[in-house]
Amino acid sequence: MDDFLLRALLAGAGVALMAGPLGCFVVWRRMAYFGDTMAHGALLGVALALAVGAPPLVGVLVLALVLSVGLSVLARRRWLSLDTVLGVFAHGALALGLTAVAVMATRIDLLGLLLGDVLAVSWRDVALIGGGVVGVLTVLAVAWRGLLATTLDPDLAQAEGVPTRLLDMVLMGLIAGVVALAMKVVGVLLVTALMVIPAAAARPWARSPESMAVLASVLGLVAVAGGLGVSMAADTPAGPSMVVVALGLFVGGSLGVAGMDQLRQWINKTS
Amino acid sequence: MNSEPASVSPTPNPARPLVALHGVGVQGGGRWLVREISLAVHPGEIVTLIGPNGAGKTTVVKALLGLVPVSEGRIDRPQASRIGYVPQRLTLDPVIPLSVARLVSATRRAPRARIQAALDEAGVGALIDAPVRILSGGEFQRVLLARALLRDPALLVLDEPMQGVDFAGETALYDLLARVRTTRGCAIFMVSHDLHVVMAATDRVICLNGRICCSGSPRAVAELPTFQALFGARAASLALYPHSHHKEPSACDLPSPPADLPEGARSHHG
């Protein structure tokens, strides 16, 4: 296998492993739009980081932090619905990011940021993502029970002694981290898709939260490998191809479940 | 409104209270939701907070549990690990695949036998492996109660536990609570806007309408003008003759935990 393809596969697999369980929380907590906000903010983060000569990853994480704090402050005020606040932030950040990138046009590959460029990842990127996998999965394993309890009902969890505020911040931090790491693989426009779609595709088959998380990771892996294959065969951009395969898994799975339900009803009726 | 709570039959309990609120006030949206709340729950006691809609009952519960910041006053409460909380309503997203066993042990890892025991105690042992989304309202409340019992609480806090429960289920659930108190000796603090059954199932009633307007044994409170002003004379008659479905009218006034209800009395409505 070509070296660049191996790197792409490893980077994509790493992202899929992290995105599976995190994507479940995004789905369970209805945070898809939050993920988009993080991703769009990442563009601005890269531009600002380059402007001051910092590593892009740092820029993304700092901006994600600022966005998270701003969001939670505004959300608690309740002047506006969370939906509206996210809409303002997501598109505001995207517009600011695009403007900032345009100002520094010569130094940034805009299309690479928007759509990702997984075939161009370096071994350093792969190592970074590998570190991210270990870090994110460790934190998730430790915080899993509390995060799940908080997701089910924050008040009840807090009354039972779960540090819900802290865990909310941990989750936002993890999402921001995965967005930052996955940017190179799928780009800011489709980062959330890699979290949401495998988790959504896993839902009909899952009996427990844990099985949904594992299955989401597996489906993510399939999407990454399949997407790379499609990309090689048909010369399509790799990031979007991965999301297309994930979409295929979602649609196929949903139709399959619906079909099985129909079949079961029909059998029950006829027998 | 008279800010001085009219307290009837103080009967000071010598034991240290499990939880005590001292002059607690909670602000929200620039106004006072509740003020000057002083109350205590002692070991083995069933205390019910009643009041009309908007009286601030849930606010008091949330303050007691430490879920909302207190603007004035002080709260002495046990560690979270000793409190079992059954919230008013839990709307679980069906998007989370969850079994009853998993919901019950969400914050506390427990061996399956203990989960089964808690569910059995709450009368829903058969549902241990059922997906949460198929539960009825009454089953759901019982599952939440099992979750609270699994924590082996010294204090059970229930916020309107009868939401989505029909009348027969309601009396059965109150009987269950009385049984839990007798067998476990834990204290119960519960909230209700429904007087009918509550008055029968409680040792002490606290009437809330922004402030505490009266408190005492159900019978004594029911005769107070402040209570009748808040709930009407019909409520008082309900409270005075609360045992239309229980055969022992005096059981509710026993200062110590009453014996379990006779089987016949329960089957009468169950």
Side-chain angles (χ1 to χ4, degrees), chain A residues 20-21 23-32 76-79 141-168 195-216 250 253-254 257, chain B residues 19 28-30 58-59 61-69 77-110 129-133 140 143-145 147-148 150-153 155-159 189:
Chain A
C24 288
F25 281 111
V26 170
V27 167
W28 293 334
R29 292 186 169 211
R30 303 160 185 255
M31 289 170 82
R76 210 157 288 159
R77 290 263 153 208
R78 297 194 181 172
W79 294 322
V142 171
W144 182 264
R145 192 162 276 265
L147 270 175
L148 188 65
T150 307
T151 303
L152 292 175
D153 188 73
D155 274 0
L156 183 51
Q158 198 186 336
E160 294 184 352
V162 175
T164 53
R165 290 264 169 91
L166 174 71
L167 288 173
D168 282 343
M195 288 200 264
V196 170
I197 299 180
R203 172 61 189 101
W205 310 99
R207 287 289 181 80
S208 70
E210 292 75 23
S211 65
M212 180 163 159
V214 171
L215 189 57
F250 171 78
S254 303
V257 169
Chain B
V19 60
T58 296
T59 304
V61 168
K62 290 198 166 176
L64 185 148
L65 293 167
L67 300 179
V68 292
R77 76 172 76 85
Q79 287 181 330
S81 63
R82 303 196 61 207
I83 296 181
Y85 171 42
V86 180
Q88 186 169 28
R89 173 164 284 174
L90 203 65
T91 37
L92 284 182
D93 204 320
V95 115
I96 309 177
L98 205 67
S99 70
V100 165
R102 203 52 225 284
L103 174 64
V104 168
S105 58
T107 49
R108 175 163 297 189
R109 200 183 290 274
D129 289 318
V132 167
R133 65 187 155 78
F140 201 88
V143 166
L144 288 180
L145 179 62
R147 172 165 165 168
L150 184 68
R151 306 172 58 72
D152 210 2
L155 174 67
L156 260 182
V157 179
L158 301 98
D159 190 356
F189 180 73

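In the text below, chain A, chain B and the rest are named by the order of the sequence lines, each starting its count at 1. Note that the structure is a prediction, hence the values are computed from the model and not measured. All heavy atoms count here, side chains included; hydrogens, waters and symmetry mates do not.
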- Query: Closest heavy-atom contact between B:Leu67 and A:Asp155?
  - Reply: CD2-O, 3.5 Å

- Task: Sort out for me which of A:Asp153, A:Thr151, A:Val162, A:Thr164 touches chain B most, counting heavy-atom pairs under 4.5 Å.
- Result: A:Asp153

- Note on the structure: Smallest heavy-atom separation, A:Ala206 atom then B:Pro97 atom, equals O-CB, 3.5 Å

- Message: Is A:Val27 in contact with chain B via its backbone, its side chain, both, or neither, using a 4.5 Å heavy-atom distance?
- Response: both

- Query: When heavy-atom pairs shorter than 4.5 Å are enumerated against chain A, which of B:Ser105, B:Pro131, B:Gly29, B:Pro153 gives the highest number?
  - Reply: B:Ser105

- chain B contact via A:Leu148 - which portion, at a heavy-atom distance below 4.5 Å: side chain

- Task: Report, as yes or no, whether the 6.0 Å neighbourhood of atom CZ on B:Arg108 holds more than 12 heavy atoms from other residues, nucleotides or ligands.
- Result: yes

- Does any heavy atom of chain B fall under 4.5 Å from the side chain of A:Arg29, the backbone, both, or neither of them? neither

- Message: Need one label for B:Arg109: side chain, backbone, both or neither, based on atoms under 4.5 Å from any heavy atom in chain A.
- Response: both

- Note on the structure: Given A:Gly161, A:Gly146, A:Ser208, the one with more heavy-atom pairs under 4.5 angstrom with chain B than any other is A:Ser208

- Please name the pair of heavy atoms, one in B:Ala106 and one in A:Ala149, separated by the smallest distance, quoted to 0.1 Å. O-CB, 4.1 Å

- Task: Please round to the nearest 0.5 Å and tell me the distance separating atom NZ of B:Lys62 and atom CD of A:Gln158.
- Result: 9.5 Å

- Query: Which region of A:Arg207, side chain (C-beta onward) or backbone (N, CA, C, O), has a non-hydrogen atom less than 4.5 Å from a non-hydrogen atom of chain B, or is it both or neither?
  - Reply: backbone

- Contacting moiety of B:Leu92, where chain A heavy atoms sit under 4.5 Å: side chain

- Query: Between CG of A:Leu156 and CG of B:Asp159, what distance do you get to the nearest 0.5 Å?
  - Reply: 11.5 Å

- Message: For B:Thr107 versus A:Ala157, what's the shortest heavy-atom pair and its separation?
- Response: CG2-CA, 4.5 Å

- Can you tell me how far the CG atom of A:Leu152 sits from the CD1 atom of B:Ile96, to the nearest 0.5 Å? 5.0 Å

- A:Pro209 vs B:Arg102 side-chain heavy atoms within contact, under 4.5 Å: yes

